[in-house]
There are 2 protein chains.
Amino acid sequence: MTTIRQVSKLAGVSVATVSRALQKPDMVSESTRKKVITAAEEVGYQPNMMAVKFRNKKSFAILVLVPDVSNPFFSKIISGIQTQAKKKGYNVILGNTANDLATEQELANMVFTNQADGIIQLAARNPLIDNIRHATVPIVNICDCVTDGSMPVIRLDNNGAAKAIISHFADLGHNRIAAIMGPDGSPITEQRLSGYLDGLKEQKIDIIESLMERGDYSMESGAIAAGKLLAHEVRPTAIFCFNDEMAIGAIHEIRNQGLRVPDDISVAGFDNLNFSRFMDPPLTTIRQPNAHFGQHAVEMLFEMISQQGQSVESLTLPYELIVRKSTTKAKP
Amino acid sequence: MTTIRQVSKLAGVSVATVSRALQKPDMVSESTRKKVITAAEEVGYQPNMMAVKFRNKKSFAILVLVPDVSNPFFSKIISGIQTQAKKKGYNVILGNTANDLATEQELANMVFTNQADGIIQLAARNPLIDNIRHATVPIVNICDCVTDGSMPVIRLDNNGAAKAIISHFADLGHNRIAAIMGPDGSPITEQRLSGYLDGLKEQKIDIIESLMERGDYSMESGAIAAGKLLAHEVRPTAIFCFNDEMAIGAIHEIRNQGLRVPDDISVAGFDNLNFSRFMDPPLTTIRQPNAHFGQHAVEMLFEMISQQGQSVESLTLPYELIVRKSTTKAKP
DNA sequence: CTGAAAGCGCTTACAG
DNA sequence: CTGAAAGCGCTTACAG
């Protein structure tokens, strides 16, 4: 490890001057700057970032709290976060929480021990809310939105997107439109659910309680929920799944029971995973701008970090309905 | 920010004693320990980790270099790394490289600026090889193996797994077995390729050059490669894709051309993505113990970090052939 | 424009 | 068992 001291000796200047020449070049004369830079290169100087961070009381790191890194929806967002953070010279510390509150709080505590300058939270709660100092912590939320107003949020118009799906089904002549929802209490689920209900009302389609099943956003749960829907005396003619993974599970189960998609039952998802356009049939779904979520989150977080105290506006990003072959006209 | 000094005042002892009471409890007397702990709790003391890391010259962080975080195969491994690292009190810094060497080197440089204590590399090269000090850096490799012996590797028996696929096809009576390979120069591709060739020899099946196409492990490339294979006068009866994503793309294309899987063509993949058992047809593939890859990598890395200099053994983890419905008997 | 000095918050030999 | 002191490698007011 070469230090600033060695550079200073070789260049024949003080350590203060080395620091200035390297970090604030216009505070030193042209000639010393050159001397210093030459010396630094000669000894292969690289600042000890641990010392820099300690001294500056900045970690140059952001913590990302994510329920499950290996969830493809999240991992795309993380990819966007990473890209944007790197541009700003920040590191991304990965915090896999498995949706465990204690884990979230423990990880979030890193902002209080100077290990992170801010937090991007991908789950629907504020892990800091119990902490006295929480108001001072830069934190933003994406995806499953924190609805208590305790932090700025980057969200999709989930309600509008769900209505767009229902409207699409209605255009195709469907009037028994089932829903495979997410778990109770998830804001994202609530929003899509209200969009589903609003959509049905707008289209003057009866709301049938028994056509609404809960899943947990996994493929397995989609298959199970679809199984329940198919057991009804009168089956749905279309199913709106609150994410692509449940749609994949649902289609799997529908097929298992000898029915066809879309001929017997139309199925739509939500998220537009990479995979969704390659499956059979390709899935009608809602595209979310995942990478943009990540990028905007980083931008917002930096705004909060720099102009601390100032509140930052929440942001709603646009969705896009993508019609593929998993949905078709209702049989007359 | 409360510091050790405030605790020391409140407890009426020196800062040295506070440090000892908190970090090396058995170096102080029972009574002082209690005093200190009480005082620490009272002021809500949490050590400034920036200072601790700086002082100890340890970052308590490992850097994970990954070509693409949002690749489901990688993200599962990362999940395993994260879990294991957290157990040891280490943070995971995420380094998305997009397979760009300059980015890898820049990120890898973090070990020289004390921002990371070691590296887990998921791509097939040593980003430090040009650095004079590279021999001193704890680094391990997973997945697409670094074959130059410059670091320990955690690998799958790719050759054996590929042979198992061929053997499975042969058992089903196939004798025109195509391959959709990965890109030239990827060690993992080479290993699966040699397994494919070895397998064909063992089964006394002719090797047909024109039945071997390259992809880049993406679904798109799988579809394109399948298109080329289908254009042959005599089509293959089975296709071994070097990963699940290319298999997904291939099946998509086969269907597009009005053929059936597995009735007309059997398809096998490699990786066993979550999704593979829910697709239609469910995919015959090789299960890799992804999370274990991550866990073992962390273990190995810690071994290297602690007993520096000592070389650590590479490790080969077992594969498992998973037979599903995408493969069936060859038509007579 | 430049240098000497203080200090960020810890830990640890050293002495008692 | 405990304390005073040094020091990790930087940056920055302060003085010149």
Side-chain angles (χ1 to χ4, degrees), chain A residues 1-40 43-61 89 109-117 133, chain B residues 1-40 43-61 89 109-117 133:
Chain A
M1 210 47 215
T2 84
T3 71
I4 202 170
R5 160 130 267 113
Q6 297 165 51
V7 179
S8 84
K9 281 195 182 134
L10 187 60
V13 297
S14 72
V15 293
T17 300
V18 174
S19 174
R20 290 191 195 103
L22 263 22
Q23 310 306 329
K24 320 247 167 108
D26 35 77
M27 283 184 72
V28 302
S29 75
E30 173 83 22
S31 63
T32 37
R33 195 188 321 144
K34 278 187 182 154
K35 264 194 300 188
V36 169
I37 289 172
T38 312
V43 299
Y45 173 68
Q46 298 198 283
N48 178 340
M49 288 309 290
M50 231 66 279
V52 173
K53 292 172 179 178
F54 168 52
R55 168 61 226 234
N56 291 337
K57 295 184 191 305
K58 281 205 83 183
S59 67
F60 300 103
N109 193 49
M110 291 176 75
V111 296
F112 296 121
T113 57
N114 294 313
Q115 299 187 87
D117 296 338
R133 288 181 286 165
Chain B
M1 211 45 217
T2 84
T3 71
I4 203 170
R5 160 130 267 113
Q6 297 165 51
V7 179
S8 84
K9 283 200 180 128
L10 187 61
V13 297
S14 72
V15 292
T17 301
V18 174
S19 174
R20 291 193 195 102
L22 265 21
Q23 310 307 329
K24 319 249 166 104
D26 35 76
M27 283 185 71
V28 302
S29 74
E30 172 84 20
S31 63
T32 37
R33 194 186 324 141
K34 278 187 182 155
K35 265 194 301 188
V36 169
I37 288 172
T38 312
V43 297
Y45 173 68
Q46 298 198 285
N48 178 339
M49 288 308 292
M50 231 65 277
V52 173
K53 292 172 179 179
F54 168 51
R55 170 57 226 235
N56 292 335
K57 294 183 192 305
K58 282 204 83 184
S59 66
F60 300 103
N109 193 49
M110 291 177 75
V111 296
F112 296 121
T113 57
N114 294 314
Q115 298 186 88
D117 296 338
R133 289 180 286 166

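Just so we're clear, the structure is a prediction, and the values are computed from it rather than from any experiment. Every chain is numbered from 1 and lettered A, B, ... according to where its sequence line falls, protein lines coming before strand lines.
I37(B) pairs by the side chain to side chain contact (heavy atoms under 4.5 Å, CB included) definition with L22(B), R33(B), E41(B), not counting sequence neighbours. By the salt bridge (Lys or Arg N to Asp or Glu O under 4.0 Å) test, K34(A) pairs with E30(A), sequence neighbours left out. Under the side-chain hydrogen bond (donor to acceptor under 3.5 Å, both in side chains) criterion, T32(A) pairs with S29(A), not counting sequence neighbours. Among residues two or more places apart in sequence or in another chain, the side-chain hydrogen bond (donor to acceptor under 3.5 Å, both in side chains) test is passed with T38(A) by none. Considering only residues two or more places apart in sequence or on other chains, K58(A) meets the side-chain hydrogen bond (donor to acceptor under 3.5 Å, both in side chains) condition with Y90(A). For Q46(B), the side chain to side chain contact (heavy atoms under 4.5 Å, CB included) partners two or more places apart in sequence, or in a different chain, are N109(A), F112(A), T113(A), R133(A).
For the pair M49(A) and M110(B), the minimum side-chain heavy-atom distance is 4.5 Å or more.
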Acceptor/donor pairs from residues 4-16 of chain A side chains to any protein atom, 3.5 angstrom cut, sequence neighbours excluded:
{"unit_1": "S8(A)", "atom_1": "OG", "unit_2": "R5(A)", "atom_2": "O", "d": "2.8"}
{"unit_1": "S14(A)", "atom_1": "OG", "unit_2": "A16(A)", "atom_2": "N", "d": "3.4"}
{"unit_1": "S14(A)", "atom_1": "OG", "unit_2": "T17(A)", "atom_2": "N", "d": "3.2"}
{"unit_1": "S14(A)", "atom_1": "OG", "unit_2": "T17(A)", "atom_2": "OG1", "d": "3.1"}

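The stretch residues 20-36 of chain B touches DNA chain C through R20(B), Q23(B), K24(B), each having a heavy atom under 4.0 angstrom from the strand. For DNA chain D, the neighbouring residues in residues 6-18 of chain A, judged by any heavy atom under 4.0 Å, are A16(A).
Contacts of K53(B) with the nucleic acid, taken as non-hydrogen atoms under 4.0 Å apart, are absent.
Taking atom C1' on both nucleotides, dT12(C) is separated from dG16(C) by 16 Å, rounded to a whole Å.
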For this session: Report the secondary structure of DNA chain C in dot-bracket form, marking unpaired bases with a dot and bases paired to a different strand with |, and treating Watson-Crick or G-U pairs with both distances under 3.5 Å as paired.
Result: |||.||||||||.|||
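Minimum interatomic distance between N114(B) and S59(B) (heavy atoms only, all atoms of both residues): O-CB, 3.5 Å.
Protein chain A contacts DNA chain D from dG9(D) to dA13(D), reading 5' to 3' and using non-hydrogen atoms of the protein with a distance under 4.0 Å.
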